[in-house]
Amino acid sequence: MEIEKNIQDEAEKNDPTSKNFIEQLIDEDLKEGVYDHVHTRFPPEPNGYLHIGHAKSILLNYGIAKEYGGKFNLRFDDTNPMKEKSEFVNAIVRDVKWLGADFEDRMFFASDYFDIMYEKAVLLIKKGKAFVDDLTAEQITEYRGDFTHPGKESPNRNRPIEENLRLFEEMKEGKFADGTMILRARIDMASPNLNMRDPIIYRVAHMHHHNTGDKWCIYPMYDFAHPIEDAVEGITHSLCTLEFEDHRPLYDWVVRECEFPHPPRQIEFAKLYLTNVVTGKRYIKKLVEDGVVDGWDDPRLVTIAALRRRGYTPESIQNFVKLSGISKANSSSDYSLLEYCIREDLKPKAPRLMAVLNPLKLVIDNYPEGQSEMLDIPNNVENEEMGSRQVPFSKELYIEREDFMVEPPKKYKRLYPGNEVRLMGAYFVTCTGYDTDADGNVICVHCTYDPETKSGSGFTGRKVKGTIHWVDAASCGKAPVRLYEQLIDEEKGKLNADGTLNFNPNSLTTVEALVEPALMQAKAYDSFQFVRNGFFCVDCKDSAEGHPVFNRIVELKSSFKLPAQK
Ligand code: ATP
Ligand code: MG
């Protein structure tokens, strides 16, 4: 199968015994004495929630720091006042901690370095490496040239240093309107790399900043700010995604010309993309704003907050990132790899209880009226340490509608007239008949039970082929259960003809399930296996004490198996 092959390829790409290319580069740096320690960072822009792609970056940076006995910083890249919010800062802190990337007290804000950035800009001007320009945005684009044409120098490029210093100071003092003045690095308008053609390093923006308030009306551009942030914090290896590869010469130029004694080194790796979902903050933001999903943590999304709410564990995401591997080539990971990871993680951990998602009544006609008993049922047959629980049983039960058929196909092993099955953890029952409504729909199944066949009684008289789950009608609880499908149906094409995303109309279905009594006491984030129906987690937002709402994390069956680890 195609999926199976992809998963195997992905797993094999990442042989845990061999070092990835980043570790190899770091090993060389340490050997050659370029650095005598390792210090990494994760630098999110607080303009949205983190997603599974960021998890890769977080765990990579944190993992490298840990592996080399170094330090790891969380740094908010909050140099653009327009899109940033404290709500996002708080969400990011929570997500990074939850993923297990411990930054201790090493949390920083790029905006705390605005003074240093300003001083470095002044230094560049003094060295003749930066100048104030008043070309319009259109002129700048026109002068920049393109891949085939060299750029044209700005008429202001040779402005005297003193004048540049005065104008830059006036920019800072608010003497110019937004968009009328910029500070540009003075590098090379003929460079084949467009990023080196006198890039803008400061702009005027009369905007309130969430951290510095109204102190500044000039703000540094990303390509100038980011290397300074790294250098100020003593970062050794600045790991970023591939789209910054062409920016590396500028990164190196900034740390060199700003005269940082121990300049950091930028290394690029491929972004993580995932099939059938939306990754990319901008796109997720649009889904949230357009109301396609119900907030940043809608369980159909792959933000960290959504994955947590859905019932994913940090361990499952850590393993997913590991299996996806670190590489220099862009590729897309299969969503089913993520599902595989949560299933493997929960199998031994999650209690296995019974819930009926599509109920059909079952009456045991020979079970004494008014009687009930408690059955002792193990919590997880794969993990004895999880013990057992008491489950009530009586004459009237509910079973899954699909576990009964009037005219079954050949291989059907569940209930049909005349057939005997085991009720999980209880007795053998034989179907004796069924009732229908006026339209011929089956509304109740009748059967008889054999008291000799009680589970755990050692009965060996005969065997049955099928085992089905059930809940006791008198004592079961009712709970909404949400079943999810992929948000985007990639098989039908990711985009519609008009360029909009092709949403799967069935991405969310809510059913009212009947669940065994113990499940009604479940608390937010508790995870269970509902026997035969999948793994489920109690929704942290919509549940109340005694009224859980369950989200299906993943179904039980996968279409692939990972090869055994070497
Ligand atoms: P998006 O691409 O989703 O808009 P971004 O790159 O704008 O995200 P930032 O907050 O700037 O988001 O990113 C913080 C760090 O996370 C950066 O170092 C960035 O390279 C990294 N990162 C972002 N997306 C991914 C991804 N899909 N895979 C791996 N790393 C990523
Ligand atoms: Mg970004």
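In listed order, ligands and their atoms are each counted from 1. Sequence positions, counted from 1, serve as the residue numbers for this chain. FYI, side chains are in, hydrogens and waters are out, and symmetry mates aren't considered; it's all heavy atoms of this structure.
At a 3.5 angstrom cut-off on N or O pairs, Glu243 does not count as close to ligand 1. For ligand 1, the polar-atom distance check against Gly53 finds a nitrogen or oxygen pair separated by under 3.5 Å. Looking at ligand 1, you won't find any N or O of Arg41 less than 3.5 Å from one of its N or O atoms. Ligand 1 has a nitrogen or oxygen under 3.5 angstrom from a nitrogen or oxygen of Leu272. Looking at Lys56 next to ligand 1, no N or O pair under 3.5 Å apart turns up. For ligand 1, the polar-atom distance check finds an N/O of His51 within less than 3.5 Å of one of the ligand's N/O atoms.
Of all the atoms in ligand 1, the ones that sit under 4.0 Å from a non-hydrogen atom of Thr241 are 19 (C), 20 (O), 29 (C), 30 (N), 31 (C). Those atoms of ligand 1 with a heavy atom of Pro44 less than 4.0 angstrom away are 10 (O), 14 (C). Taking every heavy atom of Gly280 and a limit of under 4.0 angstrom, the matching atoms of ligand 1 come to 3 (O). When each atom of ligand 1 is checked for a heavy atom of Phe42 under 4.0 Å away, the hits are 14 (C), 15 (C), 16 (O). Close approach of ligand 1 to Ser57 (heavy-atom distance below 4.0 Å) involves ligand atoms 16 (O), 21 (C), 30 (N).
Put simply, the side chain of Arg157 never gets that close to the backbone of Phe131: no donor and acceptor are under 3.5 Å apart.
Under 4.0 Å is where a charged nitrogen must lie from a carboxylate oxygen, and between Asp95 and Arg308 at least one such pair does.
Heavy-atom neighbours of Lys97 NZ from other residues, nucleotides or ligands within 6.0 Å: at or below the threshold of 12. The local environment of NZ in Lys126 is sparse, with at most 12 non-hydrogen atoms from other residues, nucleotides or ligands closer than 6.0 Å.
Across the listed options Lys271, His226, Glu45, Lys271 owns the non-hydrogen atom lying nearest to atom 6 (O) of ligand 1.
Ser543 and Asp539 are not linked by any side-chain donor-acceptor pair at a separation below 3.5 angstrom, with hydrogens and angles left out of the test. Between the side chains of Asn319 and Asp345, no donor-acceptor pair is found at a separation under 3.5 Å. Checked by atom type, the side-chain pair Asn47/Lys281 shows a donor-acceptor distance below 3.5 Å. Between the side chains of Glu233 and Asn73, at least one donor-acceptor pair of N or O atoms lies under 3.5 Å. In this structure, a donor-acceptor pair under 3.5 Å is absent between the side chains of Tyr273 and Asn330.
If you look at Tyr273 next to ligand 1, there are no close heavy atoms at all, none under 4.0 Å.
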